[in-house]
Structure formats: structure tokens, C-alpha cells
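When a residue number appears, it is its place in the shown sequence, counting from 1. Just so you know, these numbers come straight off a predicted model, no measurement behind them.
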Amino acid sequence: MKKEIKESIDTITFKKLRRFYLFALLTIAVTVILSQLLVQYNLKSQLSDSRIINISGKQRMLSQKLAKEILILNFTTDSVQKSKEIICLNETLSFWKFNHFALQNGNDSLGFPRNKSAELTELFENINPNFDCIISLTTLFLENLTRKENQDKNQKLVQTILENESIFLSKMNQIVSEYDQEALRKVTLQRKMEFAILLFTLLVLLLEFLFIFKPTNNKVEKLIFKLLSSERKALKLAQDTEIISEIKENSVKELKSLNYAMENTLLYCRVSPNGSIIHIGEKFSKLLQYNPFLSDKTFAQVLTPLEKEQNIINQIILEKQRTGWQGEINITTRNEQSLWLDLSMVSVTIKNYESELLIICFDITERKRAEQEVDRLNAENITDKINQQKIISSKIVENQENEQNRIAKEIHDGIGQMLTGLKFSLESIDLNDKEKAGQKIEYLKKLSLDIIKGVRTATFNLMPPELSDHGIVSSLAKLTQELSKLTGKNILFYNKTDFDKRLDSLVEINMYRLTQEAINNAIKYADSTHIIVQLSHSNKLLSITIDDNGKGFEVSSVENKRNSESGMGLLFMKERIQYINGRVFINSIPNEGTRITFNIPI
């Protein structure tokens, strides 16, 4: 009975403390809200005060500007300048009047209040006569200027305006000073109000500490003491429930093993050391088309109906049940389909030191099929490469034979015939006939120059001496110069980055032949009139770009025609650049031109 009475008293006390606590919180909340409302109201008022002081100060400036513009107008004789000054004066007068009426009567758009103090009302009443006088005199002044009459009267108007402007400026200073004093009084009042609110808030916090937090602290200490006593009783009860905890621990271990299998794979199975199934996952049973409730088979019999494959699986279980096993197996299902499994077998102890095998599988059939398909495609690709290399080799031999035949034909038809002509001309010279002998000698000189030029051209096409003597830059410059002379095309060479290094002779020869091939293609197939060869380099890369203004072509369609002359030309170009670990980029637009870029590592 006493215990129930004590608990009732504690409940009543806590309810009373809760009510006090809620009251204190409500009081602080109301205080904070009121203080914020007052602060926001005063800040809003002060914002309008600062704007009013700013506008009132600007009125002084505008009155001075008005007087200045009137003086300028009074002494301006240029009609164009006078028109501009009249417009400026009207704008200043309008803005000055608007600000004055906004300050005196209030303005909602500017946030100016309509009600003012008695002092400000009196000051505005005192300044209005001067304000009205300036307005009326300025209006009359502008009318006289517009009618271009009463110039002497305008002088008097200007004098009167200036006198009223000085009085207006003095009275406006008083208004600005009054605005400033009123704003200062508002700030002082707000500071006092905030200080009073702060003192009240501190008082509420002090009362809350004395009458709420301190009693609550005592109650919490008693409650903690009771909790400690309950903890000691709970420890005594825990000793009595040790057997239950052991059973629970075994159940948790079993659940962890099952969760491990389910979280890491959908194909799992628990098997005893003799190969019989303890439990098989639903996904695994669906894959193998096995119903554990209708049949009782070993794990090997479930996987495959073939006896040979069953023996292999049973052998793995027998030999690796202690150490575990991981590997890939190929089985045949009941539907006579080949199934590849990545199988992992782990020995686990569940309870009472009894071990079992946890088998986790992954279906890798699709991966195996993909690997087989990749192997098949690689074999086909290798065959295609070999056939392609054979075609390229035969074309290279054919091109070499054609080049030799062409050189032989050039020597036979060109240089050979010229040498024959030289021989006959030498034999036909009659020294007795000096006039004809002189003509034949001049002809022989010209024929000798043609023979020398032909020999140079033939040797230049075979191997330019500049390539071995001076390097790729000089040989490309010479190549473009000679081809430009021989073909009549505008072929230019630019060394954009002033490259002057020598490279490996094999690299230089291939670069030279690639550039020569690209220029010849532009001349032969593209009907180009302008060809530009540009050479540039960086720390690791050398680039040669050949641009022409020819008829262009579709790159994809030409690459697909491997058996055509143009298609094989691109193929030879790619094979040659790969030979020196470089890359080629071909960009072409029909009827606009072609750009070929060779990039070679240096």
C-alpha cells in the first residue's frame, strides 16, 4: 500500500514538473517571438528612416543642381545646347518635386510613412513657401525661354530663385537633422527594449533552473539508482537462463550459415559427408528440375543422370570434404543439355561438432559459350589476317615488279632514246660546216640537260640523296619542290615546329614513302591543284599532314573495297604505318578535299 502511495506521489510530482517545464518553454518561446517581432518592426522602420534621410539629403543636392542648371540656361546662347539644358532642367524639377511630395505626404512605393512628428510637420510647413516659390519661378523662367522674350525679367527670376534656394537649403538641413535625431531615438529605444527582453529571458531561465531542472535532477538520480538495482537483478536472472542462451547461439550460427549462402549466391546446397542432400535452395532445385519432397537422391544424382559424371562428383566429395574444393565442372542435365557450374565446396560445423558440406554454385554456361565463340572468332580472324597478308605480299611483289618495269620503260623510252639521239647527232656533226655544226652542238647541249634531268628524276624516285644525307625534313622539302616542277601543281611544304632531328633510317624511309604515296594519290586520283604538306612535332610524337583540294571520297566505302586499287592503297598505307608503330587518320569529304595525317612516335 505504501509503495502504491509513493508511486502516486512520484507521478503527481513529475506531472507538476512537466507542467512547469512546459510553462517555462512557452514563456521563453513567447519572449523570443515577441522580441523578434519588435526587432523586425524596428528594423523595417529603420530601413525606411535610412531611405528618408538619403532622399532628404538628395533634395539638397537636387536644389543646388536646379539652381546650377538655371544659371547655365540663363547664359547659354546655342539653341541646340539650350534645348538639351531645358530637357535636363525639366527632369531635375520633376524629380525634385516628386521627392518633396513623397517626404511630406508619404509614399507607399518608397515605403515613406504618411504620419510624421509635429516637429517635421512644422518644418515642412516652413519650407513649403520657398519650395512653391522656386517651382513657380522656374516654370515661369522656362516659359520665357520657350517664347524667347522677357530676358531682363528672367535675370530677376534667376536672382529670386537663387535667394529662395539658399533659404530652402538651410531649412532642408534642419529637416535632415530632425530625421536623423528621430532615427537615433528609435535605435536607442530598440536597444533598451532588447536589453529588457534579455533580462526577462535570463530571469525565466534562472527560475526554470531553480524550480524545474534541479528537482528533475534529483528525481533522475533516484531513477538511476533504481536502474542499477534492476541491473543486478537482471544479471542474476541471466545466470539462470544460460541454457536458453546456448540454444539460441546454435540457432544463430545455423542462420548465419544459411544467410551466407543465400546472400552470396542463388545456387546453394547443404550436403552431408556421404553425399546425401540435407537442404537444397529453391533456385538450385528449379535449375536442376529436382523436387526434394518427391525423391531422395544424392547430390551427384541430382546434378546429372550420367553415371560417369556422378562418379567424378562423388570422388570430389570424398577426397575434398575436409579441405574444401573450388573448380569448374561440366554436367549434362536431364534435358540432355550441357551445363557449366563454378562449384565451391566448404566444410562447416553446425552443431554438436557435426560437420557438413556447404556447396555454392554459379551458372557459367553463358560465359563458357562466349569464350568458345571468342576462340572461334579469333581463329577466323587469324585466318583472315593470314589471307590478307598473302594478298598484301603478292601486291607488294606486283608493285615492285610494276615499279621496276616502269623505271626500265622510263630509262628505255626516255633516257635510252635521248642517248641514241645524242649518239646519232654526234656522228652527224660535220666540222667543215661550222654553221650547222654550231647548231647541232647547241642542240646536243639541250639534249644533254634533258638526259641529266631524266637521270635525276629516275634516281630521285628510287632513293633521294637528301633522305640519307640530311633527313626527313630536307627530303620532304625537296620532294614537294620537284613534284611541283614536274607536275605543274601548287605543292607546298611547311615545317611548323622547326623539327630538325634525325630518326632511324627505317622510320625516315617509310615516312618518306607514305608522304610520297599520299601526294601521288592526290595528283593521280583526286585531280588536286593545291597540295599542302605540314610537319609538326611534340615531345613524343611527329605528325605529317597532307591536305588537298581534290574531289575527295567516301572513306568507309573505299575501305570496304579491299580488292580495288584504291582500297588496297589505303590498306598498304595502314600496314606500312603500323610497321613503324605509327597511326594514320584519313578524313575526306566528297567534292571538298582530303586530309591524311601520319602520327609516328619519336
With a 3.5 Å distance limit and no angle check, can you tell me whether [X] reaches the backbone of [Y] through a side-chain donor-acceptor pair?
X      : Y      : value
Ser229 : Phe225 : yes
Glu309 : Thr332 : yes
Arg583 : Ile577 : no
Ser536 : Lys496 : no
Ser475 : Ile472 : yes

Set of side chain to side chain contact (heavy atoms under 4.5 Å, CB included) partners for [X], sequence neighbours left out:
X      : result
Glu221 : Asn217, Asn218
Ser588 : Phe553, Val555, Thr594
Leu506 : Asp504, Asn510, Tyr579
Val346 : Val348

TODO: Verify side chain to side chain contact (heavy atoms under 4.5 Å, CB included) between Leu483 and Lys489, making sure each step is shown before the conclusion.
DONE: CA-CA 8 Å; Leu483 289 178; Lys489 309 288 185 180; over 6 Å; no

Work out which heavy atom in [X] is nearest to a heavy atom in [Y]; give both atom names and the distance.
X      : Y      : result
Ser528 : Ala522 : OG-O, 3.1 Å
Val271 : Ser276 : CG1-O, 3.3 Å
Val302 : Arg334 : O-NH1, 3.3 Å
Ile317 : Pro273 : CG2-O, 3.9 Å
Val507 : Leu503 : CG1-CD1, 4.1 Å
Asn581 : Pro601 : O-CD, 3.2 Å

side-chain hydrogen bond (donor to acceptor under 3.5 Å, both in side chains) with [X]: which residues, sequence neighbours excluded?
X      : value
Thr529 : Asn549
Thr323 : none
Thr545 : none
Thr487 : none

Spacing of [atom1] belonging to [X] relative to [atom2] belonging to [Y], to within rounding of 0.5 Å:
X      : Y      : atom1 : atom2 : result
Glu356 : Ser347 : CD    : OG    : 9.0 Å
Ser474 : Asp469 : OG    : CG    : 9.5 Å
Phe598 : Ile546 : CZ    : CD1   : 4.5 Å
Gln516 : Leu479 : CD    : CG    : 5.5 Å
Leu492 : Gln534 : CG    : CD    : 10.0 Å
Leu303 : Ile359 : CG    : CD1   : 7.5 Å

In the structure I gave you, are the side-chain heavy atoms of [X] and [Y] within less than 4.5 Å of one another anywhere?
X      : Y      : answer
Ile277 : Tyr290 : yes
Asn378 : Val374 : yes
Leu535 : Leu542 : yes

Please report, to 0.1 Å, the donor-acceptor pairs under 3.5 Å made by any side chain of residues 335-342, with sequence neighbours excluded.
unit_1, atom_1, unit_2, atom_2, d
Ser338, OG, Asn330, ND2, 2.8
Asp342, OD1, Gln326, NE2, 2.5

- [ ] Kindly state each residue pair satisfying side chain to side chain donor-acceptor pair (under 3.5 Å) with at least one member in residues 364-374, sequence neighbours excluded.
- [x] Glu328-Arg367, Glu328-Lys368, Asp363-Thr365, Glu366-Arg369, Glu373-Arg376

Task: Residue among Asp547, Asn587, Asp548 satisfying side chain to side chain donor-acceptor pair (under 3.5 Å) with Arg595 - done: Asp547

Task: Residue pairs passing the salt bridge (charged side-chain N to carboxylate O under 4.0 Å, His left out) test where at least one lies in residues 20-32, sequence neighbours excluded - done: none

Open item on the list: Before you tell me yes or no, could you show the steps for Met511 and Ile580 under side chain to side chain contact (heavy atoms under 4.5 Å, CB included), namely the whole-Å CA-CA distance, both residues' side-chain angles and the distance that decides it to 0.1 Å?
Closed with: CA-CA 9 Å; Met511 290 169 59; Ile580 56 174; 4.2 Å; yes

Task: Derivation of the side chain to side chain contact (heavy atoms under 4.5 Å, CB included) call for Val584 and Leu514 - done: CA-CA 10 Å; Val584 60; Leu514 285 168; over 6 Å; no

- [ ] Can you tell me which residue pairs pass the ring-ring contact (aromatic ring centres under 6.0 Å, His included) test with a partner in residues 474-506, sequence neighbours excluded?
- [x] Phe499-His537

TODO: Step by step, work out the salt bridge (charged side-chain N to carboxylate O under 4.0 Å, His left out) result for Lys286 and Glu282.
DONE: CA-CA 6 Å; Lys286 286 183 179 180; Glu282 182 179 355; 3.4 Å; yes

Task: Full working for side chain to side chain contact (heavy atoms under 4.5 Å, CB included) between Ile602 and Lys501 - done: CA-CA 10 Å; Ile602 57 175; Lys501 295 181 181 179; 5.9 Å; no

